[in-house]
Trainee: 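Quick one: the structure is below, questions incoming.
Excluded from the calculations below are hydrogen atoms, water molecules and symmetry mates; all remaining heavy atoms, backbone and side chain alike, are included. Numbering of ligands and ligand atoms starts at 1, following listing order.
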Amino acid sequence: MNKKHKALVPVLGMSLILTGVSASIMATSASAATKYKVTYIPKNLGNPYFDAIVGGFKKAGKGLNMTVKVVAPAQAGATDQIPFIEAAIQQKVDAIAISPNDANALCPTLKRAMKLGIVVLTVNGDTTASCRHASITPVDFSVLGKYLVDQTASVIDGKGDWAFLSATSTAPDQNAWLAGAKTYIDGGGQPGLKLVDTVYGDDAPEKSATEAQALLAKYPNLKAINAPTTVGIAAAAQVLSTSPLKGKVQVTGLGTPNQMRQYVKDGTVKSFSLWDPGLQGQIAANLIVSIKAKNLKPKAGVSFSIKGVGPGTWKMGKDAGIIAGPPQEFTSANIDKFNF
Ligand code: RAM
């Protein structure tokens, strides 16, 4: 039972990582023989941000009798995750955790999974609430839009033209933040800033770099690019790091410390933010076991505890939503303390 295995398995013509971890059950009434089969579907392959969420699942899996299989499409298109949900249904998994590329397009398939008794969780972004049992979001989405505008203001002294470089145009997390930013701006937030454009790099490094270059060419007065995507911010920073505009146009947003370290050290980037992505995977794994083994019914007001993870007790908010934690700012003063 207590063996770990890792293998590359070709499914639907792609290379996928299959990770199995078996260990003793923690804080559940399930027997040691119980094995939970879980499929986690990130937005797309090859994004270190989602690798960190997978890391959290694995860490939690050490204390739970759970097999976590990770499958994802090559691109983060609105409907690209559907075949992977269908495959998980066919494999009769106990739970599907998904970081959705669209709030509605996946709903019929996710609802079919729920009807068949599969636990469905959204991680890092949400679908319409009726299409999943619970959602785990990395931060309080209702304040992140304002946070991003204020973050932009802080790197250009509250004055100047700026643009958003987002991920895909259908990404529920990105769209929630962009809408929050717009509400804040429309309400008079940071009046010295002017949002001149919002462009989409699709969480693909090359397209993100091309979009960043296009912004620089189109807006000669641009003072900052805010990319609230780990792929976008790294691509924009890479473009600026070798441009004569380095230091004249600021790049900020949300990135992983490991991808951004070099751009902080070479002076391209003053500051950016993120949270611990792995925490969401840890919460998801534990919540699945609580639902399956302890018969927890996800809804607003329900609490569940996770030994050794974050505050210990987690409470569900509106529509069974769980918020993992606040954002952390990274600068040259603290970036070396983080490794993810
Ligand atoms: C990207 C993705 C993800 C976002 C993070 C910060 O990898 O777009 O959805 O939450 O960055």
Trainee: Hey, what's the ring geometry for Tyr49 with Trp275, parallel, tilted or perpendicular (30° and 60° as the breaks)?
Mentor: perpendicular
Trainee: So do the side chains of Leu178 and Phe164 get within less than 4.5 Å of each other, counting heavy atoms only?
Mentor: yes
Trainee: Should Trp275 be counted as touching ligand 1, given the test is an N or O pair under 3.5 Å?
Mentor: no
Trainee: Would you mind listing which atoms of ligand 1 come within a distance below 4.0 Å of any non-hydrogen atom of Asp173?
Mentor: 3 (C), 4 (C), 9 (O), 10 (O)
Trainee: Please determine whether a side-chain nitrogen of the Lys or Arg among Arg261 and Asp336 lies less than 4.0 Å from a carboxylate oxygen of the Asp or Glu.
Mentor: yes
Trainee: Would the distance check show the side chain of Asn47 and the main-chain N or O of Asp203 forming a donor-acceptor pair, the cut-off being under 3.5 Å?
Mentor: no
Trainee: Side-chain contact test, heavy atoms from C-beta onward, threshold under 4.5 Å: evaluate it for Val251 versus Val239 and give yes or no.
Mentor: no
Trainee: Going by ring pair (Phe, Tyr, Trp, His ring centres under 6.0 Å), Phe57 matches just one of Phe50, Tyr40, Tyr36. Which one?
Mentor: Tyr40
Trainee: Under 4.0 Å, heavy-atom basis, I'd like to know which part of Thr229 is in contact with ligand 1: side chain, backbone, both or neither.
Mentor: both
Trainee: Relative to the heavy atoms of Asn47, which atoms of ligand 1 are at a distance of less than 4.0 Å?
Mentor: 1 (C), 7 (O)
Trainee: Against heavy atoms of Lys43, which atoms of ligand 1 measure under 4.0 Å?
Mentor: 2 (C), 3 (C), 8 (O), 9 (O)
Trainee: Under 4.0 Å from a heavy atom of Asn124: which atoms of ligand 1 are those, numbered in the order shown and with their elements?
Mentor: 3 (C), 4 (C), 9 (O), 10 (O)
Trainee: Could you pull out, from Asp202, Asp203, Leu274, Thr230, the option with a heavy atom nearest to atom 2 (C) of ligand 1?
Mentor: Asp203
Trainee: In terms of atom number and element, which parts of ligand 1 are under 4.0 angstrom from non-hydrogen atoms of Trp177?
Mentor: 10 (O)
